[in-house]
Novice: 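First, the structure itself, so that you have it in front of you.
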Amino acid sequence: MSAGGALTCGVVLATAVVAMVLRRRRVQRLAERARAPILCFGDSLTEGYLGVWHSPCAPQSPPNADRDELVHVRFRPYAVRLGARLAVQADPAALIHVGLGLRYAETRAYSGWTAAELLPRLEAALRGGPWRAAVILAGTNDIVMEGANAEVAARRVRALWHACDRQGVTVVAVAPPDCATEYHGVVPPTDKGRRRDELAGLNKLIHEMARAECRALVDARTVIPSQLPADKPGHKEAARFWDDSTHFSVLGSDTLADAIFEALQPVLQRA
């Protein structure tokens, strides 16, 4: 064989070896991702914040007369139930406990943070993967706390989605629930109606963006009934899902978890 022929054979062999190594690494990454948990990312609605504030539209247990947040705050993230359901799906005979559920769904959430503030933390969490998928629920604080309009909040939420895209992590988008802003102690009284309307607008924009980008979507506004005044029909039933004007009760978080579990099924089948 000539020197040129030997060189050509060497190049072909080296190329084949590199391709084989890359394929093997890709298979390994896919296998790791299949065993990885779901990233449940967002603000206090993801964190399961409860036990502090009051709303006449929602019962609170236990009552918190002094509203001391640092003393009374509790957390019951939807990831607790979501992880348990995913664990049962993976092994129906398994003894289910919180620690096992964390292998299937993990919470990274920051109460009171806007979607803009959440972006660097999401990017860090994504680098710490692998993750099978990311459930993103954000934007409420941008409107309710900061006073941003729906379009600004939607752009910030989309930036969170695109951060996941850059890391190859599939997004399940969650459109935000309603908020009884008239009973929210931080919202200026003169702006309560506008902010509640903007939150409804954000929900609509997230629907449109998710549809345009072919993303799985859960509508928390549909899954969790809006709070109603005590004199309205359906008040008692709706109140069961809420701990205060903004945050879910345990039932509310679990109900959202069930909806996310269903939305994840086609995502996980493709993963």
Side-chain angles (χ1 to χ4, degrees), residues 22-47 77-79 82-83 86 103-110 113-143 146 148-177 199 201-221 223 256-257 259-271:
L22 291 176
R23 282 196 301 270
R24 184 172 298 170
R25 288 179 179 175
R26 183 174 182 276
V27 169
Q28 289 173 341
R29 285 196 300 270
L30 291 173
E32 288 174 359
R33 181 160 291 174
R35 295 191 298 269
I38 305 299
L39 172 61
C40 303
F41 189 87
D43 52 32
S44 57
L45 295 173
T46 296
E47 198 165 25
Y78 71 76
L82 178 62
L86 291 168
R103 298 182 185 276
Y104 292 88
E106 187 173 328
T107 301
R108 301 287 180 88
Y110 305 86
W113 288 31
T114 66
E117 293 169 323
L118 288 170
L119 180 57
R121 293 299 176 94
L122 175 60
E123 291 171 334
L126 291 167
R127 290 193 296 270
W131 305 100
R132 290 183 79 185
V135 182
I136 305 294
L137 170 54
T140 294
N141 289 319
D142 302 67
I143 292 172
E146 188 181 87
N149 62 37
E151 289 74 17
V152 168
R155 286 198 299 271
R156 294 173 176 179
V157 171
R158 179 186 273 140
L160 299 176
W161 297 355
H162 290 176
C164 296
D165 293 342
R166 289 192 292 273
Q167 295 296 324
V169 177
T170 301
V171 170
V172 174
V174 183
L199 194 58
L202 174 60
N203 179 286
K204 181 180 178 181
L205 287 173
I206 286 180
H207 269 265
E208 294 172 356
M209 294 189 308
R211 185 164 53 248
E213 298 180 12
C214 300
R215 299 187 190 276
L217 174 71
V218 173
D219 185 359
R221 196 180 185 91
V223 171
L256 181 61
I260 292 171
F261 175 83
E262 297 301 331
L264 277 167
Q265 297 309 300
V267 173
L268 299 181
Q269 289 169 11
R270 294 195 302 266

Novice: Between His162 and Val157, does a side chain to side chain contact (heavy atoms under 4.5 Å, CB included) hold up when you go through it step by step?
Specialist: CA-CA 9 Å; His162 290 176; Val157 171; over 6 Å; no
Novice: Which pairs with one or both residues in residues 116-131 pass salt bridge (Lys or Arg N to Asp or Glu O under 4.0 Å), sequence neighbours excluded?
Specialist: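 Counting only pairs at least two positions apart or across chains, the salt bridge (Lys or Arg N to Asp or Glu O under 4.0 Å) contacts touching residues 116-131 are Glu123-Arg166.
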Novice: Identify the two heavy atoms, one from Cys164 and one from Leu122, that lie closest to each other, and give their separation to 0.1 Å.
Specialist: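 Closest approach of Cys164 to Leu122, heavy atoms only: SG-CD2, 4.1 Å.
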Novice: Provide the closest heavy-atom pair for Ile143 versus Ala150 in the form atom of the first, atom of the second, distance.
Specialist: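 Minimum heavy-atom separation between Ile143 and Ala150: CD1-CA, 4.1 Å.
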Novice: Are Leu118 and Phe41 close enough that some pair of their side-chain heavy atoms sits under 4.5 Å apart?
Specialist: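 The answer is yes, as the side chains (C-beta and beyond) meet within the 4.5 Å cut-off.
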Novice: Do Leu39 and Val169 have side chains that approach each other closer than 4.5 Å (heavy atoms only, starting at C-beta)?
Specialist: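 Leu39 does not reach Val169 side chain to side chain.
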Novice: Measure from the side-chain N and O atoms of Gln167 to the backbone N and O of Ala163, and report whether any donor-acceptor pair falls under 3.5 Å.
Specialist: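 No; zero donor-acceptor contacts below 3.5 Å.
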Novice: Calculate, to the nearest 0.5 Å, the distance between atoms CZ and CD belonging to Arg270 and Gln265 respectively.
Specialist: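 Reported to 0.5 Å precision, the distance equals 11.5 Å.
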Novice: Determine, step by step, whether Leu137 and Leu256 satisfy the side chain to side chain contact (heavy atoms under 4.5 Å, CB included) criterion, reporting the C-alpha distance in whole Å, the side-chain angles of both residues, the deciding distance to 0.1 Å, and the verdict.
Specialist: CA-CA 11 Å; Leu137 170 54; Leu256 181 61; 4.2 Å; yes
Novice: Measure the shortest side-chain to side-chain distance between Arg211 and Leu217 over non-hydrogen atoms and say whether it is less than 4.5 angstrom.
Specialist: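 No; the side chains remain at least 4.5 Å from each other.
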Novice: Looking at Val174, Ile260, Leu45, which hits side chain to side chain contact (heavy atoms under 4.5 Å, CB included) with Tyr78?
Specialist: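 Running side chain to side chain contact (heavy atoms under 4.5 Å, CB included) over Val174, Ile260, Leu45 with Tyr78 returns exactly one hit, Ile260.
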Novice: Checking side chain to side chain contact (heavy atoms under 4.5 Å, CB included) against Leu264, which of Leu82, Thr170, Val218 comes through?
Specialist: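 For Leu264, the side chain to side chain contact (heavy atoms under 4.5 Å, CB included) test succeeds with only one of Leu82, Thr170, Val218, which is Leu82.
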Novice: When you look at Glu47 and Arg108, which way does the salt bridge (charged side-chain N to carboxylate O under 4.0 Å, His left out) test go after all the steps?
Specialist: CA-CA 7 Å; Glu47 198 165 25; Arg108 301 287 180 88; over 6 Å; no
Novice: Taking side chain to side chain donor-acceptor pair (under 3.5 Å) as the definition, give me every residue that meets it alongside Arg158, ordered by chain and number, with sequence neighbours left out.
Specialist: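 Partners of Arg158 by the side chain to side chain donor-acceptor pair (under 3.5 Å) criterion, ordered by chain and then number, come out as Glu213.
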Novice: Grab the two heavy atoms, one from Ala263 and one from Pro266, that are nearest each other, plus how far apart they are.
Specialist: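 Closest heavy-atom pair between Ala263 and Pro266: O-CD, 3.5 Å.
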Novice: Given side chains that start at C-beta, do those of Ile38 and Tyr104 come closer than 4.5 Å, heavy atoms only?
Specialist: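 SC-SC contact between Ile38 and Tyr104 ruled out.
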Novice: I need the Met209 CE to Leu202 CG distance, nearest 0.5 Å.
Specialist: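 Answer rounded to 0.5 Å: 7.0 Å.
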Novice: Any side-chain heavy atom of Leu268 within less than 4.5 Å of one from Arg132?
Specialist: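 The answer is yes; the side chains approach within 4.5 Å.
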Novice: Can a donor-acceptor pair be found, under 3.5 Å and without considering hydrogens, that links the side chain of Asp43 to the backbone of Ala138?
Specialist: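 No; judged by distance alone, with no hydrogens or angles, the pair does not exist.
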Novice: Which pair of non-hydrogen atoms, one from Pro37 and one from Pro130, has the smallest distance, and what is that distance?
Specialist: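 Pro37 and Pro130 have their closest heavy atoms at CD-O, 4.1 Å.
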Novice: Which residues satisfy the side chain to side chain donor-acceptor pair (under 3.5 Å) test with Asn203, sequence neighbours excluded?
Specialist: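 With sequence neighbours excluded, Asn203 shows a side chain to side chain donor-acceptor pair (under 3.5 Å) to Asp219, given in chain and number order.
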Novice: Testing the basics here: between Pro176 and Thr140, what is the closest heavy-atom pair and its distance to 0.1 Å?
Specialist: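 Of all heavy-atom pairs spanning Pro176 and Thr140, the closest is CB-OG1, 3.6 Å.
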Novice: Does a side-chain heavy-atom distance below 4.5 Å link Val171 with Val135?
Specialist: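 No, every pair of side-chain atoms sits at 4.5 Å or beyond.
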Novice: Do the side chains of Asp142 and Val152 get nearer than 4.5 Å, heavy atoms only?
Specialist: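 No, every pair of side-chain atoms sits at 4.5 Å or beyond.
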Novice: Ignoring hydrogens, what is the shortest heavy-atom contact between Ala159 and Leu119? Give both atom names and the distance.
Specialist: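 Heavy atoms only, the tightest pair is O-CD1, 3.8 Å.
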